[in-house]
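Heads up: the structure comes next, in structure tokens.
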Amino acid sequence: MTRPSFLRRFLAHDPARMAIEYGEQSLSFGQLRQLGEGTAGWLRAHGVVAGDRVCIHLDTSVDLLAAHLGCMALGAIRVPLNVHYKAIELAPIVEDAAPTLAISASPACFAGVPTVARPGLDAPVAEWAGLDDVTALLFTSGTTGRPKGAPQTWTMWESNLDALQARWELAGRDVLWLTLPLFHTHGLVVGLHGAWLRGAKVVLRDRFDPIEPPAGVSHFYGVPTYYRRWLPLMQARPELFTGFRLLVSGSDGLPAEVSDAIFAATGHRILERYGMTETVMIASNPGSGERRAGSVGTALPGTRIRTADGEVQVRGPGVFGGYWPRADEGAFTEDGYFRTGDAGELDGDGYLRIVGRKKDLIIVGGVNISPAEVERVLAAVPGVADVGCCGLYDADLNEVVVAAVVSDGSVSEGVLQARLEHAAGQLSGLKRPRRYAFVAELPHNALGKLQRGRIAAEVGFVR
Ligand code: MCA
Ligand code: AMP
């Protein structure tokens, strides 16, 4: 049977080679293979067939790995879901994903979908999946407030990860300390699947804490918040960080002062790279060669970057084919470039700097948040006449959500704020506004569209 080249390479790793260390548990590539085949048998017994979608709503665990491997072996499409999301955040995603099965400890979030708390093992499948190329459907926040599904193919991942790993000079002997959540591109694709492609070992942890790294790890990928939190330990005990060959930051800009402070303390220049769920990785600084602080590096081989009206646009083998189940007509330019919505500048050497966003998006601790989604929840609160959200600088999370509210005057501001906080409790923690400002009016343009970029200055949210 012809199967995706990514899978062939994954299955060709020496079965005795160590693949995952998770607490006391360790799994070789051969054991991952067995786990995948047995879990695929279990999925099949639950009515899942190749091409079906399966929601994976699990904390980092061996169960989560099994669910992914089982889908890979069977050829089912994985839909990884953010475990922090609450029912109203999951509902539109589950509706669009229309899964055959959900693996989740919260069946109430999957009404009408057969839901099982954890995967099991059954008579193993004999063969790993064949031609079907879409392997996952990742939902990204979407600026309209409704998350958008971005289908991910094996080909996208393989070509992009090969280019990225060549740039980083990643090798099979490298050991990745992976503490990122496994439902975003960063942790799932660049981290876990990057290691599975290369045959590198992953030391897995279910969350990041700014602690001493375990012995023997050589690589670490994080969002800027991780490095902000780690900086005091790096300054106090730099010797703990000498074992690292590469420390990578992405998902949001790493402030130059944090990068410089880490360099001064440890001698490591954090490598910044830039990507999106829709494109996998776009640009990166090099493993060897000049890493420029404040820049996300140059286009990966095979990828073309340009700026048009200040917006970064990209074409290349990592770029997806379009949203699913609803296409977004404006996503691509007429000549086939994907419009990232990020504002960027390319210098004469091809180094890209991300200087802002042309899209309405707030990035909190590396997590993308659509202000429209938060506003919709707050606008439904009795007493609210108008509401707008924006991001405000935060020294820990890079940005936090803040809300400006126009009251209809029916209740006091104290009562209204309590109602707003209660309503925001329907959202996962990072989406909840950190501050509320009560204002007489919000900035709208002539067509009535909210001007979110002006909210912070006009309502007096100062840095
Ligand atoms: C925590 N919370 C979240 C998330 N993490 N809500 C939504 N999404 C999340 N990922 C909520 C918790 O449920 C909790 O809510 C509240 O935030 C505080 O949780 P806690 O664990 O104490 O938070 P923390 O330790 O301060 O965590 C913040 C964090 C974490 C460490 C920055 O969010 C994190 O690991 N972020 C990395 C995200 C990431 O991988 N981004 C990549 C996407 P409650 O109060 O209700 O309990 S971007 C991407 O993939 C592109 C391709 C790229 O370029 O990389
Ligand atoms: P997501 O949609 O979750 O895949 O997040 C992608 C977005 O994260 C991009 O469009 C950027 O706005 C942001 N992003 C990713 N990497 C970087 C970076 N190195 N610097 C600045 N922004 C970044």
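Numbering of ligands and ligand atoms starts at 1, following listing order. Keep in mind that the numbers below use all heavy atoms, side chains included, and drop hydrogens, waters and symmetry copies. The model shown is predicted, which means the values in this text are computed figures rather than measured ones.
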Test: Arg339 cationic atom under 6.0 Å from Phe332 six-membered ring centre, within 45° of axis: no
Please could you name the atoms of ligand 1 that Leu180 approaches to less than 4.0 Å, counting only its heavy atoms? 40 (O)
Relative to ligand 2, is Val367 under 4.0 angstrom through side chain, backbone, both or neither, heavy atoms considered? neither
Between Val280 and ligand 1, which part of the residue brings a heavy atom under 4.0 Å of the ligand: side chain, backbone, both or neither? neither
Look at the side chain of Arg315 and the backbone N and O of Asp335, then say whether any donor-acceptor pair between them is shorter than 3.5 Å. yes
Can you say whether the rings of His84 and Phe183 are parallel (under 30°), tilted (30 to 60°) or perpendicular (over 60°)? perpendicular
Applying side-chain contact (heavy atoms from CB on, under 4.5 Å) to Ile369 and Leu430, what does each step give before you reach the verdict? CA-CA 8 Å; Ile369 292 171; Leu430 299 182; 4.1 Å; yes
Counting from 1 in the order shown, the ligand 2 atoms closer than 4.0 Å to a non-hydrogen atom of Met276 are 4 (O), 6 (C), 9 (C), 10 (O)
Strictly under 4.0 Å, does any heavy atom of Thr185 approach an atom of ligand 2? no
Quick one: are the ring centres of Phe208 and Trp230 less than 6.0 Å apart? yes
For Gly253, the ligand 2 atoms with a heavy-atom partner under 4.0 Å come out as 20 (N), 21 (C), 22 (N)
Tell me the protein heavy atom at minimum distance from atom 3 (C) of ligand 1, and give that distance in Å. His84 CG, 3.4 Å
Kindly compute the distance separating SG (Cys55) from CZ (Arg78), expressed to the nearest 0.5 Å. 13.5 Å
Who gets closest to atom 17 (C) of ligand 2 by heavy atom: Ile354, Asp252, Asp342, Val355? Asp252
To check your reading of the model: name the closest protein heavy atom to atom 35 (O) of ligand 1, its residue, and the distance in Å. Tyr226 OH, 2.6 Å
Closest protein heavy atom to atom 10 (N) of ligand 1, given as residue, atom name and distance to 0.1 Å: Val367 CG2, 3.3 Å
Any chance you could measure Asp209, atom CG, to Thr179, atom OG1, to the nearest 0.5 Å? 8.5 Å
I'd like the name of whichever of Gly187, Ser251, Gly275 reaches closest to atom 55 (O) of ligand 1 through any heavy atom. Ser251
Between Glu278, His186, Glu89, which one has a non-hydrogen atom sitting closest to atom 50 (O) of ligand 1? His186
Closest protein heavy atom (residue, atom, distance) for atom 14 (C) of ligand 1: Gly429 CA, 4.1 Å
Report yes or no: does Arg53 contribute a side-chain atom to a donor-acceptor pair with the main-chain N or O of Leu101 at less than 3.5 Å? no
Just need the protein heavy atom nearest to atom 20 (P) of ligand 1, so name the residue and atom and give the distance. Arg207 NH1, 4.2 Å
Taking the non-hydrogen atoms of Arg273, is any one of them nearer than 4.0 angstrom to ligand 1? yes
Report, in ascending order of atom number, the atoms of ligand 2 lying under 4.0 Å from any heavy atom of Thr140. 2 (O)
So between Gly365, Gly366, Gly425, whose heavy atom ends up nearest atom 36 (N) of ligand 1? Gly365
Polar atom proximity, Asn368 to ligand 1 (N or O, under 3.5 Å): no
Atom 33 (O) of ligand 1: the protein heavy-atom neighbour that sits closest, reported with distance to 0.1 Å: Leu430 CD1, 3.5 Å
Could you tell me, atom by atom, which parts of ligand 1 come under 4.0 Å of a heavy atom of Thr185? 50 (O), 52 (C)
Check the pair Leu442, Val405 against side-chain contact (heavy atoms from CB on, under 4.5 Å), reporting the backbone distance first and the verdict last. CA-CA 8 Å; Leu442 286 170; Val405 182; over 6 Å; no
Are any of the protein's heavy atoms under 4.0 angstrom from atom 8 (N) of ligand 1, yes or no? yes
Give the ring-plane orientation class for His186 versus Tyr221, where under 30° counts as parallel, over 60° as perpendicular and anything between as tilted. parallel
Output the distance between atom CG (Leu300) and atom CG (Asp162), rounded to the nearest 0.5 Å. 11.0 Å
Atom 16 (N) of ligand 2 has as its nearest protein heavy atom Ser251 N, 3.1 Å
Interatomic distance, Gln152 atom CD to Phe320 atom CZ [nearest 0.5 angstrom]: 8.5 Å
Where do Ser5 and Glu158 land on the side-chain hydrogen bond (donor to acceptor under 3.5 Å, both in side chains) test, with the steps shown first? CA-CA 8 Å; Ser5 153; Glu158 183 183 24; 2.6 Å; yes
Is the ring centre of Tyr85 less than 6.0 Å from the ring centre of His57? no
Polar contacts were defined as any N/O atom of the residue lying under 3.5 Å from an N/O atom of the ligand; does this apply to Thr277 and ligand 2? yes
Under 4.0 Å between a Lys/Arg side-chain N and an Asp/Glu carboxylate O for Asp347 and Arg292? yes
Would Arg273 count as a polar contact of ligand 2, with the cut-off being nitrogen or oxygen pairs under 3.5 Å? yes
Which heavy atom of the protein is the closest neighbour of atom 26 (O) of ligand 1, given with residue, atom name and distance? Arg229 NH2, 2.9 Å
Using distance alone, determine whether Lys359 and ligand 2 share an N or O pair under 3.5 Å. yes
Find the distance between CZ (Arg118) and CG (Asp63) and round it off to the nearest 0.5 Å. 4.0 Å
Is the shortest side-chain N to carboxylate O distance from Lys359 to Asp342 below 4.0 Å? yes
Using a strict cut-off of 4.0 Å, indicate which atoms of ligand 1 neighbour a heavy atom of Arg432. 44 (P), 45 (O), 46 (O)
Relative to the heavy atoms of Thr277, which atoms of ligand 1 are at a distance of less than 4.0 Å? 52 (C)
Short list, please: which atoms of ligand 2 are under 4.0 Å from a heavy atom of Ile363? 8 (O), 12 (O), 13 (C)
Return the residue, atom name and 0.1 Å-rounded distance of the protein heavy atom closest to atom 40 (O) of ligand 1. His184 CD2, 3.4 Å
Look only at the side chain of Asp396 and the backbone of Arg228, and say whether a donor-acceptor pair between them is shorter than 3.5 Å. no
Nearest protein heavy atom with distance in Å, relative to atom 1 (P) of ligand 2: Asn368 ND2, 3.1 Å
Counting each atom of ligand 1 from 1 as listed, which ones have a heavy atom of Met276 under 4.0 Å away? 52 (C)
